[in-house]
Amino acid sequence: MNVAAPQSRFLRATYSGYLVLFFIYLAAPLVAAGVFAFNDSTFSALPWKGFTLDWFFGTTDPKVGMFHDRRLLRGMGNSLYIGVIVAALSVVVGTCNAFLFERKEFPFKSVLYILMVLPLVIPGVILGISILVFASMVANGVENGTGIDLGFLRPGLFLVIIGQFSFLTTITSLVIAARLRKFDVALEEAALNLGATRVRVLATITLPYLAPALFSAFIVGFLISFENFNTTLMLVGSDAPLTITMYDRMVKVGSTPVLNAVSFFLMVGSGLLALISVLAQRQRADD
């Protein structure tokens with residue numbers, strides 16, 4: 001089929017209509033969540049009872065806003081803490097993986113690459129349960145054999161970080177490897193021929209070239225970590241991140257406008273971070 005050939009008006013209209021319906025399908029739930037975050041009602045439903053910011057800044061029951069809800073703020077703090085650590089670790093290890101698979105040849109390279117990508121196709125619940133079972137088995141074995149309680153291997157922040165790190169490293173590795181694949185190795189060879197050490201070449205030539213990918217990988221890793229639910233649910237302890245806190249609130253109380261306010265806040269924050277990432281890459285490309 002020649003895609004460049006002129007198309008009938010009916011086909012163009014059908015294609016345009018499909019695009020409009022598709023984006024409405026994607027945006028409608030987000031728009032609804034955002035709108036009900038400003039509805040002056042204790043229920044996330046119609047009718048519209050007026051505009052209010054109480055679900056963000058309210059201080060009295062039943063309209064305690066998200067910025068005055070200690071449990072939600074604690075969950076947000078835990079998510080920020082986990083997200084920064086997981087994203088940073090994933091970028092460091094992902095960079096090493098990118099150099100390993102793009103620059104080196106070694107036995108069973110294809111097998112190891114498949115193993116690296118495998119966490120992406122494993123359901124998050126299964127991944128979380130597997131890590132929990134393995135960590136508990138090790139902790140119980142050590143405790144039974146030596147009497148030492150390895151508390152960090154029990155459900156908690158450490159296991160959440162390990163669980164998210166196990167699949168986010170794959171994503172950061174692929175993002176950074178895609179950028180490294182386009183790098184002209186001749187630039188490194190020229191610097192080495194002029195007497196530069198490998199560390200200096202890495203610091204002044206290679207890593208600056210990879211900087212947009214490193215930044216993007218960090219942003220992507222942070223956002224995925226912040227919104228992760230399935231894996232985190234299996235590994236969380238008393239210090240629950242925001243997604244688990246919201247789920248627990250919804251199960252016990254039901255869907256309330258304060259959850260819509262949190263959702264709106266996260267949508268805006270995620271959009272800004274994604275925009276910053278795109279602008280950083282575009283500015284680097286222009287340079």
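Note: hydrogens, waters and symmetry copies are ignored here, and every other heavy atom, side chains too, is used.
- Pairing each heavy atom of Met267 with each of Gly34, the nearest pair is CE-N, 4.2 Å.
- At distances below 3.5 Å, not a single donor-acceptor pair connects side-chain atoms of Asn230 with backbone N or O atoms of Val125.
- Between Ala177 and Glu102, the closest heavy-atom pair is CB-OE2, 3.9 Å.
- The same ILVMFWY cluster, assembled from side-chain heavy atoms under 4.5 Å apart, contains both Phe51 and Val258.
- Across all their heavy atoms, Arg103 and Phe183 have their closest contact at NH2-CD2, 3.3 Å.
- Without hydrogens or angle criteria, Arg179 side chain to Tyr209 main chain gives a donor-acceptor distance under 3.5 Å.
- One hydrophobic cluster holds both Val93 and Leu118 under the rule that ILVMFWY side chains link at heavy-atom gaps under 4.5 Å.
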- Query: Passes side-chain contact (heavy atoms from CB on, under 4.5 Å), Ile244 versus Phe229? Steps please.
  - Reply: CA-CA 7 Å; Ile244 306 302; Phe229 177 80; 3.7 Å; yes
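- A 4.5 Å side-chain heavy-atom check between Phe67 and Phe56 finds at least one atom pair inside the cut-off.
- In this structure, Phe101 and Phe106 have tilted ring planes: the angle between them lies in the 30° to 60° band.
- By the rule that hydrophobic residues join a cluster once side-chain heavy atoms approach within less than 4.5 Å of another member, Val92 and Val199 end up as members of separate clusters.
- One finds the CG atom of Leu168 at 10.5 Å from the CG atom of Leu223 (value rounded to the nearest 0.5 Å).
- Of the N and O atoms on the side chains of Gln164 and Thr232, at least one donor lies less than 3.5 Å from an acceptor on the other residue.
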- Task: Test Asn39 against Lys49 for side-chain contact (heavy atoms from CB on, under 4.5 Å), laying out the working first.
- Result: CA-CA 6 Å; Asn39 188 17; Lys49 294 188 177 181; 4.0 Å; yes
- Test log, rule side-chain contact (heavy atoms from CB on, under 4.5 Å), inputs Leu266 and Glu227: CA-CA 9 Å; Leu266 294 181; Glu227 60 85 25; over 6 Å; no
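- One N or O on the side chain of Thr243 and one on the backbone of Asn228 form a donor-acceptor pair closer than 3.5 Å.
- Remark: side-chain polar atoms of Lys104 are not paired, donor with acceptor, to backbone N or O of Lys109 under 3.5 angstrom.
- To the nearest 0.5 Å, atoms CG (Leu153) and CG (Leu159) are separated by 6.5 Å.
- Using a 4.5 Å cut-off on side-chain heavy atoms (C-beta onward), Phe226 and Leu80 make contact.
- Both Phe215 and Leu207 sit in one connected hydrophobic cluster of ILVMFWY residues. Membership requires side-chain heavy atoms under 4.5 Å apart, directly or through other members.
- Within the 4.5 Å cutoff, side-chain heavy atoms of Val185 are placed close to those of Glu188.
- Put simply, Leu174 and Val121 are part of the same group of oily side chains (I, L, V, M, F, W, Y) that touch within less than 4.5 Å, one to the next.
- Residues Leu72 and Leu242 come closest through the heavy atom pair O-CD1, 3.7 Å.
- Remark: Trp55 CH2 to Asp69 CG distance equals 11.0 Å, nearest 0.5 Å.
- With rounding to the nearest 0.5 Å, the separation of CZ in Phe99 from OG in Ser173 is 12.0 Å.
- The shortest distance between side-chain heavy atoms of Glu189 and Asp184 does not fall below 4.5 Å.
- The environment of CZ in Phe152 is crowded: more than 12 heavy-atom neighbours from other residues, nucleotides or ligands sit within 6.0 Å.
- Taking CD1 of Ile122 as the reference point, atom CD1 of Ile129 lies at 12.0 Å (rounded to 0.5 Å).
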- In sequence, state the C-alpha distance, the side-chain angles, and the governing distance for Val220 and Val175, and then conclude on side-chain contact (heavy atoms from CB on, under 4.5 Å). CA-CA 9 Å; Val220 170; Val175 172; 5.6 Å; no
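- A donor-acceptor contact shorter than 3.5 Å links the side chain of Ser166 to the backbone of Gly163.
- In this structure a side-chain-to-backbone donor-acceptor pair under 3.5 Å is present from Thr172 to Thr169.
- Open room surrounds CZ on Arg200; 12 or fewer heavy atoms of other groups in view lie less than 6.0 Å from it.
- Here the CE-OG1 distance, from Met66 to Thr256, works out to 12.0 Å after rounding to the nearest 0.5 Å.
- Applying the 6.0 Å contact sphere to OH of Tyr247 captures no more than 12 heavy atoms from other residues, nucleotides or ligands.
- When side chains are defined from C-beta on, Val35 counts as touching Trp48, because their heavy atoms get closer than 4.5 Å.
- A heavy-atom distance below 4.5 Å is not found between the side chains of Met116 and Leu112.
- A pairwise comparison of heavy atoms in Ser136 and Arg154 identifies O-NH1, 4.2 Å as the closest pair.
- Looking at heavy atoms from C-beta onward, Met246 lies in side-chain contact with Ser263 at the 4.5 angstrom threshold.
- Residues Pro155 and Val236 share a closest heavy-atom pair of CB-O, 3.5 Å.
- Under the 4.5 Å side-chain criterion, counting only non-hydrogen atoms from C-beta, Phe36 is not in contact with Phe264.
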